[in-house]
Amino acid sequence: MITLIKNIQELLQVREISIAKVSGSEMAILPSLKNAFLILKDDLIENFGSMENLPEINADKIIDATGKVVLPTWCDSHTHIVYAGNREQEFVDRINGFTYEEIANRGGGILNSAKKLNETSEDEIYEQSKHRLEEVMHLGTGAVEIKSGYGLTIEGELKMLRVIKKLAENYPISIKATFLGAHAFPTHYKENKAGYIDEIITKMLPEIAQNKLADYIDVFCETGYFSVAETEKIMQAGIDFGLKPKIHVNQFNSIGGIQAGIKFNALSVDHLEIMNPEDIEALKNTETMPVALPSCSYFLSIPYTPAREMIKAGLPIALATDFNPGSTPSGNMNFVVATACIKMKMTPEEAINAATINGAYAMGLSETHGSITKGKKANLILTKPISSYYQIPYAFGSNLIESVFLEGKILE
């Protein structure tokens, strides 16, 4: 099946040679072609160039993209899409003055989601989660990482990971699975934290590794959750079972989680709302991707990741949604890109790089996703007619997507 998209007003993120990520001042450069063509063969990108160089081609399908922009689909490297029910009551509680921490201390938060998940059947969790996945696909996401972490029991965590696996098998979107058993301490382990960590390491991890249910291991390294020492112990156990770390750090406090992540060669450190100069310095010249989650800051009214300081220091940044029932009940990467521009003062070029090529890096998909490069997956966003790609973050409340291509096919 050969598809030709012609007369593209602007083709974004074109890279002749595949690169892993962009950092610092390079983030402001978004390579593009105006008046371009793009050829897809089956599920891959076959060729692209200027319309004046369009070769003779027998295409099965021809799409005229006059006035429209084409770019790679979003790569959302941090989500919790698999969950049961919702936490809309806590949303109202926060409006009435309760903080995220106060709600958690009253049995809300992660423990509330864990209770619901463990009371819900695997089939029902799958049904709820597939609708969320379908929604984000139609919003332009072509690769997504999904975490467990609302089970907090062996049965619950395995149930979540099996649902993630089933979603990956049934949908034309690349899905990476992350084991986040260390999301919070279950109520019955509140006075025996070492006991729960032992359960994660000696009972959960062997089952997960044996059944090949996860790619990564995650820990919520934060005051009141998992300490740096506990995080390091769990990361090492994950590594021993073949899982690379991707960890939650610096959401409310800077306690040394970033440095721990770097020490264990974490693929990414995520959240980063609270960053001090030592944290930024520690990330320089590492292979660890800093990931910002601006819609979480928006929803919880907490600080935004200091993107300008980080980019000035030469760091890369990826953007992700944090889609979850408690702190970000949205998987809309278009809103994330817009919010990064509006609230974090990232340029549109920086934000699009962060949501495509750097997002792919943050879930180990650099070789197949994140740019318009020959041989990469034919995962694309075709916009409606727009004046320029600046309109994507500018018109933050509008859906500017006409079609999404996943593996070369238009998503119905």
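With hydrogens and angles left out, the side-chain atoms of Glu230 and Tyr225 include no donor and acceptor closer than 3.5 Å. Under 3.5 Å, the side chains of Thr120 and Glu124 contain no donor-acceptor pair of N or O atoms. For the residue pair Gln236 and Asp240, a side-chain donor N or O sits within less than 3.5 Å of a side-chain acceptor on the partner. Judged by distance alone, the side chains of Glu145 and Ser77 never bring a donor and an acceptor atom under 3.5 Å apart. With 3.5 Å as the limit, one finds no donor-acceptor pair spanning the side chains of Ser121 and Asp123. A donor and an acceptor atom, one from each side chain of Glu349 and Asn353, are nowhere located under 3.5 Å apart. There is a side-chain donor-acceptor pair under 3.5 Å between Thr373 and Ser371. In summary, the side chains of Glu155 and Asn118 do not present any donor paired with an acceptor at a separation below 3.5 Å, with no hydrogens or angles considered. Side-chain N/O atoms of Asp270 and His78 include a donor and acceptor closer than 3.5 Å. Side-chain atoms of Asn324 and Ser327 include a donor-acceptor pair closer than 3.5 Å. For the residue pair Glu199 and Tyr189, a side-chain donor N or O sits within less than 3.5 Å of a side-chain acceptor on the partner. Thr141 and Asp76 share no donor-acceptor pair across their side chains, judged by distance under 3.5 Å alone.
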Inset, instruction - Apply the test side chain to side chain contact (heavy atoms under 4.5 Å, CB included) to residues Phe48 and Val14: give CA-CA distance (whole Å), side-chain angles for both, the deciding distance (0.1 Å), then the verdict. - result: CA-CA 9 Å; Phe48 58 84; Val14 291; 4.1 Å; yes
Inset, instruction - Would you check, one step at a time, whether the test salt bridge (charged side-chain N to carboxylate O under 4.0 Å, His left out) holds for Lys147 with Asp218? - result: CA-CA 8 Å; Lys147 303 177 190 293; Asp218 196 346; 2.8 Å; yes
Inset, instruction - Could you go through the side chain to side chain contact (heavy atoms under 4.5 Å, CB included) check for Tyr389 and Ile352 one step at a time? - result: CA-CA 10 Å; Tyr389 64 84; Ile352 291 169; 3.8 Å; yes
Inset, instruction - Test Arg162 against Glu122 for salt bridge (charged side-chain N to carboxylate O under 4.0 Å, His left out), laying out the working first. - result: CA-CA 8 Å; Arg162 284 193 300 267; Glu122 190 167 323; 2.8 Å; yes
Inset, instruction - Any chance you could lay out the ring pair (Phe, Tyr, Trp, His ring centres under 6.0 Å) test for His183 and Tyr150, step after step, and finish with the verdict? - result: CA-CA 8 Å; His183 202 187; Tyr150 292 129; 5.2 Å; yes
Inset, instruction - Evaluate the criterion side chain to side chain contact (heavy atoms under 4.5 Å, CB included) for residue pair Phe252 and Glu273; output intermediate values, then yes/no. - result: CA-CA 7 Å; Phe252 303 111; Glu273 289 87 348; over 6 Å; no
Legend entry - Pair Glu26-Lys21, side chain to side chain contact (heavy atoms under 4.5 Å, CB included): steps then yes or no: CA-CA 9 Å; Glu26 292 175 348; Lys21 60 182 177 181; over 6 Å; no
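Salt bridge absent: Glu119 and Lys116 never bring a charged side-chain N and a carboxylate O closer than 4.0 Å. Salt-bridge annotation for Lys377 and Glu407: present, with a side-chain N of the basic residue lying under 4.0 Å from a carboxylate O of the acidic one. We find that Lys6 and Asp64 are not joined by a salt bridge, their nearest charged nitrogen and carboxylate oxygen being 4.0 Å or further apart.
Judged by the 6.0 Å distance and 45° axis criteria, Lys244 is not positioned over the aromatic ring of Tyr216.
By the 6.0 Å contact criterion, CD on Glu191 is open, its count of non-hydrogen atoms from other residues, nucleotides or ligands being 12 or less. Counting non-hydrogen atoms of other residues, nucleotides and ligands closer than 6.0 Å to CD of Glu309 gives a total of 12 or fewer. No more than 12 heavy atoms of other residues, nucleotides or ligands lie within 6.0 Å of NZ in Lys312, so this atom counts as exposed by the packing criterion. Atom CD of Glu287 is surrounded by 12 or fewer heavy atoms from other residues, nucleotides or ligands within 6.0 Å. No more than 12 heavy atoms of other residues, nucleotides or ligands shown are found within 6.0 angstrom of NZ on Lys233. Counted within 6.0 Å of CG on Asn53, heavy atoms from surrounding residues, nucleotides or ligands total more than 12; the atom is thus considered enclosed. With a 6.0 Å radius and a threshold of 12 heavy atoms from other residues, nucleotides or ligands, Ile17 has its CD1 atom at or below the threshold. The environment of Lys115 atom NZ is sparse: at most 12 non-hydrogen atoms of other residues, nucleotides or ligands sit within 6.0 angstrom.
Using a distance-only test at 3.5 Å, with no hydrogens or angles considered, no donor-acceptor pair links the side chain of Thr305 to the main chain of Ala307.
Among residues two or more places apart in sequence or in another chain, the ring-ring contact (aromatic ring centres under 6.0 Å, His included) test is passed with Tyr126 by none. For Arg308, the salt bridge (charged side-chain N to carboxylate O under 4.0 Å, His left out) partners at least two apart in sequence or on another chain are Glu350.
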Show me the side-chain donor-acceptor pairs of residues 258-267 shorter than 3.5 Å, one per line, residues at least two apart or across chains.
residue	atom	partner	partner atom	Å
Gln259	NE2	Asp279	OD1	3.2
Lys263	NZ	Glu232	OE1	3.2
Lys263	NZ	Glu232	OE2	3.4

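Within the 4.5 Å cutoff, the side chain of Leu411 has no heavy atoms near those of the Phe405 side chain. Looking at Phe323 and Thr328, their side chains never come closer than 4.5 Å, going by heavy atoms from C-beta outward.
Between Asn112 and the choices Arg87, Gln89, Glu90, the side chain to side chain donor-acceptor pair (under 3.5 Å) rule is met once, by Glu90.
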